[in-house]
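What follows is one structure encoded as structure tokens, with my remarks underneath.
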Number of protein chains: 2
Amino acid sequence: MVKTIVWKDNQVVMIDQRKLPMRERYVVCKDYRSVIRAIKGLIIRGAPAIGVAAAMGVAVGALKIRTSNLDQFRAKLDAICRDMVTARPTAVNLAWAVERMKQVADQTSHRGVKEVKSRLVEEARKILEEDIAINRTMGRHGQRLLKDGSRVLTHCNAGALATGGYGTALGVVRAAVEAGKRIEVFADETRPFLQGARLTAWELKKSGIPVTVITDNSAGYFMQHGKVDAVIVGADRIAANGDVANKIGTYMVAVLARTHSVPFYVAAPVSTIDLSVKEGQDIPIEQRDQTEVTHFQGRRIAPQGVVAGNPAFDVTPHRYVSAIITEKGVITPPFKSRLKRLFL
Amino acid sequence: MVKTIVWKDNQVVMIDQRKLPMRERYVVCKDYRSVIRAIKGLIIRGAPAIGVAAAMGVAVGALKIRTSNLDQFRAKLDAICRDMVTARPTAVNLAWAVERMKQVADQTSHRGVKEVKSRLVEEARKILEEDIAINRTMGRHGQRLLKDGSRVLTHCNAGALATGGYGTALGVVRAAVEAGKRIEVFADETRPFLQGARLTAWELKKSGIPVTVITDNSAGYFMQHGKVDAVIVGADRIAANGDVANKIGTYMVAVLARTHSVPFYVAAPVSTIDLSVKEGQDIPIEQRDQTEVTHFQGRRIAPQGVVAGNPAFDVTPHRYVSAIITEKGVITPPFKSRLKRLFL
């Protein structure tokens with residue numbers, strides 16, 4: 001299994017997801033600012049994975065604070081947490097992980113700076129381990145939705161690389177395969193960053209699961225020709241009513257799935273659900289740099305001076321979602337009451 | 001205005017659409033085989049443009065036949081026509097143009113080889129000139145569908161570069177602009193060949209028409225946010241019932257347009273309508289090489305050994321089409337009876 005992110009010698013080590021699949025290069029982050037840069041620059045991406053990265057970033061930042069005065073330490077730690085949360089706006093897992101780290105600091109402050117630092121490191125590692133365990137549980141629940149021989153279309157990468165390991169959407173696929181089912185995957189290439197063609201294809205191939213890469217705009221063609229039995233995607237944030245923010249293009253897939261009566265499943269840990277956001281339109285959508293669309297790996301595609309739009313996410317209204325697969329079970333509509341119940 | 005294809009010194013000169021917008025390079029075809037290679041290799045593309053290219057290819061081929069024996073000449077000419085038709089299977093304009101050239105040969109054969117050759121050259125040039133005139137007429141009809149301030153989404157390139165000049169879908173936009181309307185265009189980048197990001201953006205920018213390039217998978221986002229007033233696309237073949245074969249992804253755009261109550265217009269010359277094909281599912285869909293998806297301008301994107309699907313076109317059922325804009329007027333449903341009437 002690929003290691004997306006690990007804690008090693010008080011540093012954060014990540015596989016560089018910009019370079020995959022051509023190069024397996026690892027990036028070592030020695031301070032919290034380089035973790036923020038890694039998140040912003042897409043060295044690491046995927047909602048659960050950036051949650052883990054943020055927690056480790058806070059931990060590595062905490063270790064570097066040179067004071068034994070608790071008040072000074074907390075002031076600096078809080079500043080680090082504030083910076084970390086702003087790295088990317090859409091995935092709520094980032095804020096969720098940072099909040100969890102702050103709570104640990106709150107709960108252990110009476111034991112002094114050294115102990116707080118040690119507990120923060122412990123908590124970051126725990127978030128990583130828990131994430132992998134959660135994905136496995138999610139997979140066990142979700143795989144029941146897939147039949148032997150199912151052909152699953154996925155968008156972006158919601159796999160081991162998007163998480164601590166195993167994956168959310170791809171975790172469901174992995175669990176179905178582990179349960180003895182033959183599963184084939186259609187991977188939307190997912191412009192502009194090509195997470196599907198590069199990352200999903202790479203990790204499925206490593207795991208021996210058959211995968212066919214397709215352009216995003218041909219998802220409709222393959223559904224029209226009866227080649228897709230189910231869609232499974234991840235999520236960056238799920239609103240209280242079940243609206244799902246996920247990688248740009250997810251909404252297109254959901255509309256096409258509905259048109260072809262193909263079930264559309266979202267696989268995400270409970271930490272992705274944000275009850276404080278009533279509906280999808282209130283989720284902040286990151287607008288990324290135009291050059292990600294006008295250029296391809298540094299080479300210009302579009303003519304000089306042409307404007308490009310580059311929303312990184314879109315919102316799929318809950319009415320398009322057949323079920324949300326979580327570690328606490330598979331949630332079907334009505335989502336509003338049932339998602340709320342997960343937090344009781 | 002850009003010259004997509006011209007007849008010059010008994011040779012066919014085309015702008016190399018693989019290299020645009022980074023390089024304005026021209027390719028000179030001195031024999032019919034190099035015209036076929038240019039069509040297959042996407043040096044020239046777009047249904048009306050490959051119709052013109054095929055006609056010129058037949059003409060350049062005819063000129064090279066070294067015999068004054070009429071029967072021998074016709075046998076060789078027919079072989080050239082057969083080869084030419086197989087260059088690409090989906091756009092019917094190619095077969096239509098070749099058929100027109102054969103008819104000219106039939107009608108002038110009694111005058112001898114030299115005269116047939118000269119009439120074939122004349123006919124090929126006429127097809128080019130007619131195509132531009134048809135586009136202008138189509139534009140005048142179609143532009144009435146657009147209001148001042150309309151924001152038009154288009155897919156692929158159905159512009160001057162896809163035709164003899166002016167364009168089909170973009171011809172409608174041009175005519176609206178010439179009529180004094182302010183029009184903005186969203187250009188789907190159109191993977192894998194990026195006709196939108198490269199060609200549509202290039203020619204609209206040259207013409208001073210505002211254009212924003214977007215990834216194919218974000219068309220839904222912009223419609224959801226109320227940014228698109230109309231969709232206009234070209235066509236490679238229209239079946240008798242109004243089903244439309246066009247660049248892969250067109251179907252996705254049509255489904256999204258319907259979902260958002262955005263009108264979906266197809267602009268195409270009457271030569272694109274194939275009454276011999278009852279419905280869209282009978283139109284042959286070209287499957288192109290996997291490497292167009294797994295590689296980008298020669299650089300590998302997807303991991304070694306991963307399979308890719310690469311259908312070059314898809315079929316949009318007629319129920320998604322608001323109107324078909326032709327040089328004979330704007331056709332609204334029911335298409336079956338009304339398309340038939342165009343040929344009476």
Side-chain angles (χ1 to χ4, degrees), chain A residues 20-22 155 186-192 194 197-198 201-202 204-206 210-222 224-225 227 247-256 258-259 285 290 293-294 296-297 299-311 313-315 317, chain B residues 20-22 155 186-192 194 197-198 201-202 204-206 210-222 224-225 227 247-256 258-259 285 290 293-294 296-297 299-311 313-315 317:
Chain A
L20 285 173
M22 302 326 289
H155 189 73
F186 283 99
D188 279 358
E189 64 175 4
T190 317
R191 283 279 295 150
L194 297 166
R198 297 190 301 108
W202 183 74
L204 289 178
K205 190 165 183 295
K206 272 204 159 199
V211 57
T212 301
V213 173
I214 61 173
T215 59
D216 300 318
N217 63 28
S218 63
Y221 173 94
F222 288 99
Q224 201 182 31
H225 285 75
K227 305 275 192 199
K247 179 51 54 197
I248 187 74
T250 302
Y251 172 58
M252 164 200 81
V253 175
V255 169
L256 290 167
R258 168 60 49 90
T259 300
I285 298 297
Q290 293 188 32
V293 176
T294 55
F296 181 83
Q297 294 183 352
R299 275 156 91 176
R300 176 170 278 287
I301 300 165
Q304 196 98 33
V306 160
V307 175
N310 189 15
F313 303 93
D314 59 26
V315 171
Chain B
L20 285 174
M22 301 326 289
H155 189 74
F186 283 99
D188 279 358
E189 64 174 3
T190 317
R191 283 280 296 151
L194 297 167
R198 298 191 300 107
W202 183 74
L204 289 179
K205 189 163 185 294
K206 272 203 161 201
V211 57
T212 301
V213 173
I214 61 173
T215 58
D216 301 318
N217 63 28
S218 62
Y221 173 93
F222 288 99
Q224 201 182 32
H225 285 75
K227 305 276 193 199
K247 179 51 54 198
I248 186 73
T250 302
Y251 172 57
M252 163 201 81
V253 175
V255 169
L256 289 168
R258 168 60 51 90
T259 300
I285 298 296
Q290 292 188 30
V293 176
T294 55
F296 181 84
Q297 295 184 350
R299 274 155 91 175
R300 176 170 278 286
I301 300 166
Q304 196 98 32
V306 160
V307 175
N310 188 16
F313 303 93
D314 59 25
V315 171

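Within every chain, numbering begins at 1; the chains are lettered A, B, ... in the order of the sequence lines, protein sequences first and strands thereafter.
Contact count against chain A (heavy-atom pairs under 4.5 Å) is highest for B:Arg300 among B:Arg258, B:His225, B:Arg300. Counting heavy-atom pairs under 4.5 Å between each of A:Phe222, A:Phe296, A:Phe313 and chain B puts A:Phe296 at the top. Interface summary for chain B: among A:Asp314, A:Thr215, A:Ile248, the most heavy-atom pairs under 4.5 angstrom belong to A:Ile248. For the set A:Pro311, A:Gly220, A:Pro317, the entry with the most heavy-atom pairs within less than 4.5 Å of chain B is A:Pro311. In terms of heavy-atom pairs under 4.5 Å with chain B, the best-connected choice from A:Lys247, A:Gln290, A:Gln224, A:His155 is A:Gln224. In terms of heavy-atom pairs under 4.5 angstrom with chain A, the leader among B:Thr250, B:Leu204, B:Asp188, B:Val211 is B:Val211.
For the pair A:Pro303 and B:Ala201, the tightest heavy-atom approach, listed with the atom from each and the gap, is CD-CB, 3.6 Å.
Only the side chain of A:Thr259 comes within less than 4.5 Å of a heavy atom in chain B; its backbone stays farther off. Contacts of A:Ile214 with chain B are made by both backbone and side-chain atoms, with heavy-atom separations under 4.5 Å. Using a 4.5 Å cut-off between heavy atoms, A:Ile285 touches chain B through its side chain atoms alone. Only the backbone of A:Gln304 comes within less than 4.5 Å of a heavy atom of chain B; no side-chain atom from C-beta onward does.
Checked against salt bridge (charged side-chain N to carboxylate O under 4.0 Å, His left out), B:Arg198 has no partners two or more places apart in sequence or in another chain.
Within the 4.5 Å cutoff, no side-chain heavy atoms of A:Ser218 are placed close to those of B:Met252. Residues B:Met22 and A:Arg299 have side chains not in contact (no heavy-atom distance under 4.5 Å, counting atoms from C-beta outward).
Judged purely by atom type and a 3.5 angstrom limit, B:Asn217 has no side-chain atom pairing as donor or acceptor with the backbone of A:Thr190. At distances below 3.5 Å, not a single donor-acceptor pair connects side-chain atoms of A:Glu189 with backbone N or O atoms of B:Arg191.
Each of A:Val307, A:Val293, A:Val306 was compared with B:Thr212 under the side chain to side chain contact (heavy atoms under 4.5 Å, CB included) criterion, and only A:Val307 meets it.
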*side-chain contact (heavy atoms from CB on, under 4.5 Å) between B:Val213 and A:Thr294, intermediate numbers included*: CA-CA 8 Å; B:Val213 173; A:Thr294 55; 5.6 Å; no
